Amino acid sequence: MSVNQADLDIVTTQLGREPRGVVDIAYRTPDGQPAVVTTSPRLPDGTPFPTLYYLTDPRLTAEASRLEVAHVMKWMEARLGEDEELAADYRAAHEYFLAKRNSMEDLGTEFSGGGMPDRVKCLHVLIAYALAEGPEHFRLGTEAVALAADHGRLRGTAIPEDWPTIAELGIELSQFDFSNAE
């Protein structure tokens with residue numbers, strides 16, 4: 001993938017501001033829009049920016065916010081404390097993220113993003129990371145994207161048609177409270 005001025009113009013419109021430190025388009029939607037950018041670990045003004053993958057597509061950012069309001073993060077974080085395999089998978093995703101970011105520039109920090117490796121703090125980061133790296137890269141990212149795809153009806157437009165479904169992952173939307181998220 002690569003980034004060009006047309007991509008940056010679209011991302012500017014998506015964000016409502018000029019993007020900073022974009023080095024690549026990490027994910028494009030099935031309908032062709034840039035949706036996740038890879039950012040430099042250090043912004044042009046020298047400010048550290050540890051968020052390697054940044055979600056830009058408004059459909060995805062809105063759905064990530066709805067999922068957060070429905071307490072999906074609390075559900076995920078509770079499972080991290082109970083499921084050793086899930087926690088190990090999340091830690092491995094954290095370590096991969098750090099290695100990839102540090103290969104661009106080492107910020108000398110163990111912070112990756114989204115609360116990793118012990119908490120789930122931001123679904124925007126998890127969704128961006130999962131979309132950039134693909135399905136099955138890490139369980140919580142795969143689940144977050146599946147929830148966005150199925151609850152937000154974004155499958156085939158903002159999210160690939162073949163992304164695992166919540167049914168395939170054993171997730172039921174009825175366990176979340178979307179009453180304040182619509």
Side-chain angles (χ1 to χ4, degrees), residues 14 26-27 29-30 35-39 41 49-102 107 109-182:
Q14 291 173 333
Y27 169 75
T29 63
V36 176
V37 295
T38 304
T39 58
F49 193 79
T51 305
L52 180 63
Y53 299 119
Y54 196 89
L55 194 62
T56 64
D57 185 289
R59 299 167 294 183
L60 293 167
T61 58
E63 188 57 30
S65 295
R66 282 190 281 275
L67 295 172
E68 288 179 353
V69 170
H71 305 291
V72 170
M73 294 181 310
K74 288 181 183 180
W75 170 73
M76 288 178 166
E77 193 164 314
R79 291 171 48 225
L80 281 177
E82 301 165 355
D83 184 333
E84 288 181 24
E85 189 176 313
L86 181 66
D89 179 72
Y90 200 51
R91 178 162 293 286
H94 162 75
E95 291 168 2
Y96 177 90
F97 183 105
L98 285 177
K100 191 156 189 176
R101 187 190 71 211
N102 289 347
L107 294 175
T109 179
E110 292 295 308
F111 175 79
S112 56
M116 297 173 117
D118 303 312
R119 297 176 22 227
V120 180
K121 191 173 116 180
C122 180
L123 293 181
H124 297 77
V125 170
L126 295 189
I127 289 170
Y129 179 13
L131 287 169
E133 294 295 337
E136 307 304 327
H137 180 71
F138 70 113
R139 176 73 187 203
L140 292 182
T142 301
E143 291 176 358
V145 174
L147 282 160
D150 294 342
H151 178 263
R153 295 177 185 89
L154 298 174
R155 190 173 300 280
T157 56
I159 296 170
E161 190 70 45
D162 62 351
W163 195 275
T165 67
I166 57 172
E168 292 167 344
L169 297 172
I171 301 169
E172 293 186 25
L173 284 177
S174 62
Q175 67 187 312
F176 305 108
D177 180 6
F178 286 98
S179 62
N180 293 315
E182 301 300 329

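Residues: numbered from 1 along the sequence shown. On a predicted model such as this, the values are computed, not experimentally measured, just so you know.
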Rounded to the nearest 0.5 Å, what's the gap from [atom1] on [X] to [atom2] on [Y]? Could you check?
X: T56; Y: Q14; atom1: OG1; atom2: CD; result: 3.5 Å
X: E63; Y: L154; atom1: CD; atom2: CG; result: 6.0 Å
X: M116; Y: E95; atom1: CE; atom2: CD; result: 10.0 Å
X: M76; Y: R119; atom1: CE; atom2: CZ; result: 15.0 Å

Partners of [X] by salt bridge (Lys or Arg N to Asp or Glu O under 4.0 Å), sequence neighbours excluded?
X: D150; answer: R155
X: E143; answer: R79, R139
X: K74; answer: none

### Query
Which residue, L98, T38, N102, forms the side-chain contact (heavy atoms from CB on, under 4.5 Å) with L52?
T38

### Query
Of L67, I171, V69, which is the lone residue that meets side-chain contact (heavy atoms from CB on, under 4.5 Å) with F176?
I171

Of the non-hydrogen atoms in [X] and [Y], which two are nearest, and what is the gap between them?
X: P135; Y: T142; answer: C-OG1, 4.0 Å
X: L131; Y: Y27; answer: O-CD1, 3.6 Å
X: A35; Y: T29; answer: CB-CG2, 3.6 Å
X: P50; Y: F97; answer: O-CE2, 3.5 Å

### Task
Classify the side-chain pair K100/Y53 by whether it contains a donor and acceptor separated by less than 3.5 Å.
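Distance-only check passes for K100 and Y53.
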
### Task
Applying side-chain hydrogen bond (donor to acceptor under 3.5 Å, both in side chains), name anything that partners S112, two or more places apart in sequence or on another chain.
H94

#### Entry: Partner set under side-chain hydrogen bond (donor to acceptor under 3.5 Å, both in side chains) for D118, not counting sequence neighbours
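D118 satisfies side-chain hydrogen bond (donor to acceptor under 3.5 Å, both in side chains) with R91 only.
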
### Message
In the structure I gave you, are the side-chain heavy atoms of E110 and P117 within less than 4.5 Å of one another anywhere?
### Response
no

### Message
Between V36 and D57, is there a side-chain heavy-atom distance shorter than 4.5 Å?
### Response
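Answer no - side chains too far apart.
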
### Check against side chain to side chain contact (heavy atoms under 4.5 Å, CB included), L60 and V145
CA-CA 9 Å; L60 293 167; V145 174; over 6 Å; no

Examine distances only and state if a side-chain atom of [X] and a backbone atom of [Y] form a donor-acceptor pair shorter than 3.5 Å.
X: W163; Y: G156; result: no
X: Y129; Y: A93; result: yes
X: R101; Y: P41; result: no

### Message
Heavy-atom count check: over 12 atoms from other residues, nucleotides or ligands less than 6.0 Å from E84 CD?
### Response
no

### Query
So does E85 have more than 12 non-hydrogen atoms from other groups sitting under 6.0 Å from CD?
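Incorrect, the count does not exceed 12.
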
Side-chain donor-acceptor distances from residues 120-127 under 3.5 Å, at least two apart:
| unit_1 | atom_1 | unit_2 | atom_2 | d |
| --- | --- | --- | --- | --- |
| H124 | ND1 | E68 | OE2 | 3.2 |
| H124 | NE2 | T61 | O | 3.1 |
| H124 | NE2 | S65 | OG | 3.1 |

### Task
Begin from the C-alpha positions of F49 and Y54 and carry the test side chain to side chain contact (heavy atoms under 4.5 Å, CB included) through to its verdict.
CA-CA 11 Å; F49 193 79; Y54 196 89; 3.9 Å; yes

### Query
Step by step, would you call E172 with I166 a side chain to side chain contact (heavy atoms under 4.5 Å, CB included)?
CA-CA 7 Å; E172 293 186 25; I166 57 172; over 6 Å; no

